[in-house]
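Below is one structure, written out as structure tokens; comments come after it.
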Amino acid sequence: MTHFRNLRKPAILKWASSCFFENQLNPPVFVMGSFHLSQRQNPRFYRSKGSAVAVKREVLEAPKIPQATLKEAQAALLEYLHWTRSIPFMDAENMSKNSPHFLRNLLKKVNIVKDVRSSMARFLRYRPINEFEPFFESLGFKPWEYTPLLPRNLMFLSDDSLFFENYRVLCQFGIERNKIGRIYKKAIQVFQLESGALPLKLQAYQELVLSHSFMVKIIVCSPCVLIGDIDMKFIKVLEILRSMGFDNAWVQEHLSDQDSYNWGLILRVLSIFSEMFCGNELVRLISQHPGLLFEGSGYATFSLVGFLLKFGLPIDQISSMFLQFPKIQVQQFVSNLIKCFVFFHEIEMEVDWIAKLVCSYTVLLDSCRLKKTNSLLSNLNVGKKRLCKYIQENPQELSKWVIGLRIVPLPDSGENIESKRLKMKFLLDLGYGENPNMMNKAFKVFRGRGGELQERFDSIVNAGLDKADVSEMVTVSPQILNQSKTVIQSKIDILVNELGYPLSSLVSFPSSLSYTTQRVRLRMAMYNWLKDHKKAEPDLALSTIVACSDKIFLNQYVNHHPSGPRVWQDLKAKLSMDK
């Protein structure tokens with residue numbers, strides 16, 4: 001864990017967040033080949049987020065078309081597409097039967113005279129439609145998905161002969177039409193291949209003795225293999241898996257049409273595993289948990305190894321953790337671990353202890369889907385310091401604090417009972433004992449242990465103030481004791497020794513100790529500059545200078561001098577640098 005100790009907690013948290021929250025939960029999708037399609041990259045398409053949202057709302061709220069009306073409308077559209085527009089019958093039929101949203105909108109525009117079919121035929125005779133709309137919908141796109149993809153200046157499928165040719169090649173290869181939309185979303189470049197190129201690519205893979213049904217599945221799941229030359233990383237993954245006893249049928253079984261696959265990343269995960277496990281162990285691991293390879297193309301697995309290495313976990317312990325891997329999704333496993341790590345950070349646990357827990361209880365942490373930190377602190381009825389200690393002594397208790405389970409408050413410790421006794425005594429000494437309601441409110445307002453509150457109170461008295469005055473100060477501004485003794489002493493020192501205010505000014509304005517030292521220094525520096533330039537009264541009270549908002553301070557004081565705003569910004573920058 002030496003490497004981890006050398007890292008500051010914020011640095012580790014930032015690294016974990018960037019590595020997992022932004023990427024692990026949403027791993028690289030490799031949409032449109034190796035990049036996301038944008039308007040600038042392909043001017044054929046336009047995107048309107050507002051219009052897509054409106055279309056989605058319209059679709060979800062639209063009433064269903066009566067079955068008889070739907071059949072007549074489909075027949076009219078089929079006749080138009082096939083006989084009038086010369087679209088092959090199978091494609092025209094697919095478009096007419098699988099574009100209900102398009103038909104619903106079309107029917108709204110048609111004036112039904114005798115029957116739906118003849119009325120629609122008459123309408124289509126004089127008003128050609130944008131054929132890409134029913135076409136995209138029939139490929140499996142939702143209307144709000146295809147709206148941004150509609151070509152800007154094209155209406156007829158025949159206007160884009162290259163696109164339609166490649167579509168026909170995929171159909172003839174045996175890919176279901178309602179899955180071609182997924183290929184289009186994942187790798188649009190497939191539809192932009194030169195005439196005759198796509199059949200040659202398909203033939204090249206078949207010559208590698210890859211079965212037809214297997215290649216159909218691969219093309220739907222990972223159409224990027226059709227871009228460029230033969231994807232040798234894909235072929236290498238198949239060879240390695242085959243050498244372990246996993247044939248192509250096994251691979252096909254564990255691929256999802258809904259996902260995209262980066263075979264280069266899967267190959268890297270296999271390479272790492274081959275160094276971590278002996279042959280039989282690796283075969284057993286992949287057999288039991290194929291998601292380690294295929295979920296997000298193994299990105300979660302790859303990141304998990306890096307995360308644990310970052311904490312200083314030895315390779316043999318990481319291997320052991322994988323061999324104990326529970327029956328949950330890999331991404332959920334990693335997400336649980338990171339949420340535990342963030343929870344430890346939020347309760348202010350020491351970095352060395354976080355490292356110990358991550359390294360010693362990896363599987364436990366990965367299996368716990370913890371509730372939010374604030375919820376746990378509230379339901380457990382405990383402070384951060386005690387919770388840290390409790391987890392360090394009882395790490396298995398984390399499994400009882402997961403989503404879906406009722407949280408049982410921790411029992412009062414001996415320390416808690418003593419702390420409450422001291423806090424009660426402190427509040428009684430301040431005069432809160434006469435009114436039970438006031439005592440209950442005071443318990444909530446004054447944060448900290450009884451001994452700590454007394455120590456903070458004494459630090460103000462020891463600065464040179466009378467005990468009765470300090471009691472009055474605390475009654476008026478109880479929040480001043482919700483700071484550590486060190487912070488209180490530092491603020492008094494700045495006010496008296498640096499800014500030159502008498503100690504008695506705290507009695508008249510006790511909440512001055514509630515403001516940050518940067519705010520007080522900035523206001524006082526600006527006030528002194530204005531005073532030197534005859535733009536502020538010489539004896540303003542500390543409360544007048546510090547308590548008002550920045551907006552009021554700027555309007556009433558800073559803006560009274562032409563150079564005031566510039567000086568204000570300069571002073572603010574200087575104090576930020578000195579912070």
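The structure displayed is predicted, hence computed values, not measured ones. The first residue in the sequence is number 1, and the count goes up from there.
- In this structure, the side chain of K384 engages the main chain of E346 through a donor-acceptor pair within 3.5 Å.
- Y527 contributes a side-chain N or O that, together with a main-chain N or O of L540, makes up a donor-acceptor pair within less than 3.5 Å.
- Summarising the geometry, atom CD1 belonging to I545 is positioned 11.5 Å from atom OG belonging to S512; distances are rounded to the nearest 0.5 Å.
- Using a 3.5 Å distance cut-off with no hydrogens or angles, the side chains of D493 and Q489 do not pair a donor with an acceptor.
- Counting non-hydrogen atoms of other residues, nucleotides and ligands closer than 6.0 Å to CG of D316 gives a total above 12.
- Looking only at side-chain heavy atoms (C-beta outward), Y557 and I552 stay at 4.5 Å or farther from each other.
- Taken to the nearest 0.5 Å, the CG atom of L542 stands 11.0 Å off from the CZ atom of R523.
- At a threshold of 4.0 Å, the pair D570-R566 counts as salt-bridged, since one of the basic side-chain nitrogens sits closer than that to a carboxylate oxygen.
- No donor-acceptor pair closer than 3.5 Å links the side chain of S222 to the backbone N or O of C224.
- Residues P565 and H561 come closest through the heavy atom pair CD-O, 3.7 Å.
- Of all the heavy atoms in I354 and H345, the pair that sits closest is CD1-N, 4.2 Å.
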**Request:** Check the pair Q483, K491 against side-chain hydrogen bond (donor to acceptor under 3.5 Å, both in side chains), reporting the backbone distance first and the verdict last.
**Result:** CA-CA 11 Å; Q483 307 171 92; K491 289 184 175 181; 2.6 Å; yes

**Request:** Please step through side-chain contact (heavy atoms from CB on, under 4.5 Å) for the pair L292 and F325, ending with a clear verdict.
**Result:** CA-CA 10 Å; L292 291 171; F325 206 83; 4.0 Å; yes

**Message:** Evaluate S576 against Q518 for side-chain contact (heavy atoms from CB on, under 4.5 Å), listing each step before the verdict.
**Reply:** CA-CA 8 Å; S576 296; Q518 186 178 13; 3.4 Å; yes

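- Put simply, the side chain of M321 reaches to within 4.5 Å of the side chain of L308, judged on heavy atoms.
- Under the 4.0 Å criterion applied to side-chain N and carboxylate O atoms, D259 and R182 are not assigned as salt-bridge partners.
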**Steps toward ring-ring contact (aromatic ring centres under 6.0 Å, His included) verdict (F302, F307)** = CA-CA 9 Å; F302 187 77; F307 183 76; over 10 Å; no

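- You'll find the side chain of I494 stays beyond 4.5 Å of the side chain of V520, heavy atoms only.
- Salt bridge K531/E537: absent, no basic N to carboxylate O contact under 4.0 Å.
- Defined by atom type and a distance below 3.5 Å, a donor-acceptor pair is missing between the side-chain atoms of S459 and E455.
- Rounding to the nearest 0.5 Å places CE of M526 at 6.5 Å from CZ of F553.
- Residue W568 holds its CH2 atom at 10.0 Å from CG of L530, rounded to the nearest 0.5 Å.
- In this structure, S399 OG and L364 CG are separated by 6.0 Å, a value rounded to the nearest 0.5 Å.
- Here the side chain of S477 pairs no donor or acceptor atom with the backbone of V474 at under 3.5 angstrom.
- No donor-acceptor pair under 3.5 Å is formed between the side chain of K535 and the backbone N or O of N559.
- Between the side chain of T475 and the main chain of S471, a donor-acceptor pair closer than 3.5 Å is present.
- Of the inter-residue distances, the one linking C388 atom SG with L357 atom CG reads 9.5 Å to the nearest 0.5 angstrom.
- In this structure, N374 and K372 have side chains that are not in contact, with every pair of non-hydrogen atoms separated by 4.5 Å or more.
- Under a 3.5 Å cut-off, the side chain of S335 and the backbone N or O of Q331 do not form any donor-acceptor pair.
- Of the possible polar contacts, one joining the S303 side chain to the Y299 backbone as a donor-acceptor pair under 3.5 Å is found.
- Taking every heavy atom of both residues into account, P148 and W144 meet most closely at CD-O, 3.5 Å.
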**Item:** salt bridge (Lys or Arg N to Asp or Glu O under 4.0 Å) between K185 and E145, intermediate numbers included
**Value:** CA-CA 10 Å; K185 283 191 282 188; E145 293 175 326; 3.5 Å; yes

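- C340 and L370 get closest at one heavy-atom pair: SG-CD1, 3.6 Å.
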**Prompt:** Would L465 and L506 satisfy side-chain contact (heavy atoms from CB on, under 4.5 Å), going step by step from the backbone distance to the final call?
**Reply:** CA-CA 9 Å; L465 290 172; L506 289 173; 4.3 Å; yes

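- Side-chain atoms of L398 and F343, non-hydrogen and from C-beta on, do get closer than 4.5 Å to each other.
- Other residues, nucleotides and ligands contribute more than 12 heavy atoms inside 6.0 Å of the CD atom of E397.
- In terms of heavy-atom proximity, M524 sits nearest to L499 at CG-CD1, 3.7 Å.
- A distance of 6.0 Å or more separates the ring centres of F322 and F333.
- Taking 4.5 Å as the limit, some side-chain heavy atom of L513 sits within range of a side-chain heavy atom of I492.
- A donor-acceptor pair under 3.5 Å is formed between the side chain of R456 and the backbone N or O of L481.
- F344 is listed as a side-chain neighbour of L365, based on a closest heavy-atom distance under 4.5 Å.
- Nearest heavy atoms, N381 versus P409: CB-CB, 4.3 Å.
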**Asked** Would T301 and L304 count as a side-chain contact (heavy atoms from CB on, under 4.5 Å) if you check the C-alpha gap in whole Å, the side-chain angles of each, and the deciding distance to 0.1 Å?
**Response** CA-CA 5 Å; T301 306; L304 176 60; 5.7 Å; no

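- Looking only at distances, no side-chain donor or acceptor of S378 sits under 3.5 Å from a matching main-chain atom of S375.
- By the 4.5 Å heavy-atom criterion applied to side chains, C368 and N336 are not counted as neighbours.
- A salt bridge is defined here as a Lys NZ or Arg NE, NH1 or NH2 lying under 4.0 Å from an Asp or Glu carboxylate O, and R521 with E498 meets this definition.
- Defined by atom type and a distance below 3.5 Å, a donor-acceptor pair is missing between the side-chain atoms of K356 and Q392.
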